[in-house]
Protein chains: 2
Amino acid sequence: MEYASMSKEQLLDLQEKLQKQYQEYCNMGLNLDLSRGKPGRDQVDLCNDMLKVVQTGEDCICSNGLDCRNYGVLDGIPEAKRLFADLLGIPEANILVGGNSSLNLMYDSVVRALIYGVYGGNGPWSRQGKLKFLCPAPGYDRHFAITESLGFELITVGMTESGPDMDAVEALVRDPAVKGIWCCPKYSNPDGYTYSDETVRRLANLKPASRDFRIFWDNAYAVHDLYEDRHDELLDIFTECKKVGSEDMVYYFASTSKISFPGSGVAIMAASENNLRQIKPVMNIQTIGHDKINQIRHVKYFGNADGIRRRMKELAALIRPKFDIAFRVLEEEFAGTGAARWTRPNGGYFIGLYTSDGCAKHAYQLAKKAGVVLTTVGATYPYGNDLRDSNIRIAPTFPSHEDLELAMHVLGTCVKLAAIEKQLIIRFS
Amino acid sequence: MEYASMSKEQLLDLQEKLQKQYQEYCNMGLNLDLSRGKPGRDQVDLCNDMLKVVQTGEDCICSNGLDCRNYGVLDGIPEAKRLFADLLGIPEANILVGGNSSLNLMYDSVVRALIYGVYGGNGPWSRQGKLKFLCPAPGYDRHFAITESLGFELITVGMTESGPDMDAVEALVRDPAVKGIWCCPKYSNPDGYTYSDETVRRLANLKPASRDFRIFWDNAYAVHDLYEDRHDELLDIFTECKKVGSEDMVYYFASTSKISFPGSGVAIMAASENNLRQIKPVMNIQTIGHDKINQIRHVKYFGNADGIRRRMKELAALIRPKFDIAFRVLEEEFAGTGAARWTRPNGGYFIGLYTSDGCAKHAYQLAKKAGVVLTTVGATYPYGNDLRDSNIRIAPTFPSHEDLELAMHVLGTCVKLAAIEKQLIIRFS
């Protein structure tokens, strides 16, 4: 029975039962974590042989004779560009291979725009007065943190199953202070939604008032499918942009952080030739070059894009059962209660859980007291502000099956307790 | 006989002989390079076994249980901090381990100051109007390039055998627009000079008008001695600063770029606790963390600071003969001519050659035509402007012994031809 239809007595009765259950969890002295979008140890173990593929000086020599052990090459060794080009369907000429962190490439791209401006733009953003950035939400807190830290006003845009609310985006970019939009277009963080073809096309066809406007296309989960039989398909943004001549509007990012080793992977940026011509000279002031041995290590280990695709299936085989546990427990806990809804992504790293409005923070506190750490409520919104107090990001990849099952049940109990208390207050007090 | 004392006939006679020699070099179709501060292949070969020390998942586990293969830790694994602390004589608590490039840490430090300001300063440098930076010259072109690119006016300060002209520095920092100074304090690039104790103390005792002022202490050649029997000793800047409470004035940088693999080494920044408390939250917005597997790879390979010191002796054994070839040929070519003087560093990567004023560019062009690439004349000065047109940076580490000997002779001939032409013009035309 839905909580909203229960009588006061029924609610109090259920509350008492759940309180007992909650107290039992509290007495267990748990220390569980559902907050981190972090691979499990079994996932990183899969990649251990990468540590063995570059063993000698000869292993460090590129096909063009370049010695990865020494100085030289700013934007990536040719075979690394080719690997990512094949994997992502982007021409090699548009790829710049960076260091270990795509987030770092994103941060540096905003900083570069602030200090030097962007190709075809109106000069340094820092001299253009008020700056705004569009933040489809719920979204990735670290995206929002970059632009907040760098002084932008964050404009929240609603996130839907087909991507950002494009009516809102099209209206907002008429403001020349709006310089960009954060996009996690495939298996979005945290909902796991993939932008529809229409959304990608409307983004490619945007007519922003500011020539500086850039789409920050963080394709973090480009090849991170969970199931053999159903994948989301994302249109290639560059292809759509080229049809209308807007390819300078896109900064594209990806990395192997959730393919090889998080923190010791390889990140890339892809952009139009015009953009790269502006970016590379600045990067050449910033660094002599990125770690080429790690680039060739990735190339030798995976061999080619198919090697990465095979690995993604092996990783999915490890992650899928965890998502399935999460989905099953969510169903067990919430079916028929109306106390929560959740997303059912086909890939990525997260599940978006939505409690009844006004219940997420309360549930978070209850879970914390019971020893279960959740992603900070609100973190998925600009300024940490979830106006509905509803979204809880579930990251099921790191815990063991047992820990995950238990943590999900604790979460279920906490959300239900919060929902019942809300019912009691709004309907019976 | 000194060229300055030769008669016109003697000069013309010598010119003819040197022209013949020069023509012979030109006819050889040479393709030699004395411009790059790049280790030779034999040097990087020395480090090949580093590729083999981290082979398994277990090898990636830190002493505190942290798994280097996964996310976690912004500022470096404990054993990497300890390694650099022992090597450089800096407390672990003051060390932040970064990515592969100390230059990147320097660039980001200037950018951070521009956007966020520095600890105890007057807010973002970008809002403080005119910005100036002190550039002891000749110096490292990439230092100057960072501050030029970021909009600073570069103020040239004379470089002496004991470091920057401290009278000039002390006078210049009375200008509140002066926000910092570039220092390569040991075996300086390009002269190979080491700052005297007095210089270090006067720097530690600076009283800049601006509370924002920072000493960028790029100790790139901290342990890069060439000889067993004579080393330069550099006072520890932090120790001197602590005596007078000025430790917040120093940003310290170092890396293993010329210890392990250039481009795949580990870079560090060291700073006071006040400075680190301001820096780390910004870095935490910029990245999730640096490559920890490469950090533990370095720790496991070198073992401890003594392991690095032993390696530096092996590297010196490879580099020293190249410096000795360079010194010998310089002596053979220039002894008694007065056409050039040069530095005789006890370590580092470079020799500073000084032609007669007004001869460096001409010599550079002659060498280029003969197939010998030199560091661009002027590159060692702010804005590429060597007012004396005299300094040529010699980088002897990369070529083979044979190539180096030949290239140095070509260089000698070119500098002498330029010097004779100058004598003929200023004295006899």
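Per chain, numbering begins at 1; letters A, B, ... match sequence-line order.
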- Item | Donor-acceptor pair, side chain of A:Asn70 and main chain of B:Pro262, under 3.5 angstrom | no

- Note on the structure: Given A:Ile288, A:Val282, A:Leu150, A:Thr56, the one with more heavy-atom pairs under 4.5 angstrom with chain B than any other is A:Ile288

- Would you find a donor on one side and an acceptor on the other, under 3.5 Å apart, between the side chain of B:Gln295 and the backbone of B:Ile77? yes

- Report the option among A:Ser126, A:Cys68, A:Ser257 that has the most heavy-atom pairs separated by less than 4.5 Å from atoms of chain B. A:Ser257

- Task: Check whether B:Asp67 gets within reach of chain A through its side chain, its backbone, both or neither, counting any heavy atom under 4.5 Å.
- Result: side chain

- Item | Heavy-atom contact with chain A under 4.5 Å, split by part of B:Phe261 | both

- Task: Given ring-ring contact (aromatic ring centres under 6.0 Å, His included), test A:Phe144 with A:Tyr383 step by step and report yes or no.
- Result: CA-CA 8 Å; A:Phe144 305 158; A:Tyr383 307 113; 9.2 Å; no

- In terms of heavy-atom pairs under 4.5 Å with chain B, which of A:Ser149, A:Gly289, A:Ser102, A:Cys60 leads? A:Ser149

- Given that the side chain runs from C-beta out, which part of B:Asn100 has a heavy atom under 4.5 Å from chain A: side chain, backbone, both or neither? side chain

- B:Ile293 versus chain A, the contacting section by heavy-atom distance below 4.5 Å: both

- Among A:Glu148, A:Arg297, A:Arg36, who wins on heavy-atom pairs under 4.5 Å with chain B? A:Arg297

- Query: Does B:Tyr221 reach the side chain of B:Cys184, with side-chain heavy atoms less than 4.5 Å apart?
  - Reply: yes

- Side-chain heavy-atom pair A:Met283, A:Leu105 within 4.5 angstrom cut-off: yes

- From the list B:Met50, B:Lys52, B:His290, B:Gln55, the residue making the most non-hydrogen contacts under 4.5 Å with chain A is B:Gln55

- In terms of side-chain geometry, is the basic nitrogen of B:Arg69 or A:Asp45 positioned less than 4.0 Å from the acidic oxygen of its partner? yes

- Task: Between chain B and each of A:Ile285, A:Asn294, A:Asn48, A:Leu103, count heavy-atom pairs under 4.5 Å; write down the option with the most.
- Result: A:Ile285

- Under 4.5 Å to a heavy atom of chain A? For B:Asn284 that would be both

- Does A:Asn31 CG have over 12 foreign heavy atoms under 6.0 Å away? no

- Task: Quick one: which of B:Gly37, B:Pro39, B:Ser101 has the most heavy-atom pairs under 4.5 Å with chain A, could you say?
- Result: B:Pro39

- Taking atom types as modelled, find out whether B:Thr397 and B:Gln43 have a side-chain donor-acceptor pair closer than 3.5 angstrom. no

- If you count heavy-atom pairs under 4.5 Å with chain B, which of A:Met106, A:Arg41, A:Lys292 comes out on top? A:Arg41

- Item | salt bridge (charged side-chain N to carboxylate O under 4.0 Å, His left out) between B:Asp75 and B:Lys81, intermediate numbers included | CA-CA 9 Å; B:Asp75 61 348; B:Lys81 289 187 186 179; 2.9 Å; yes

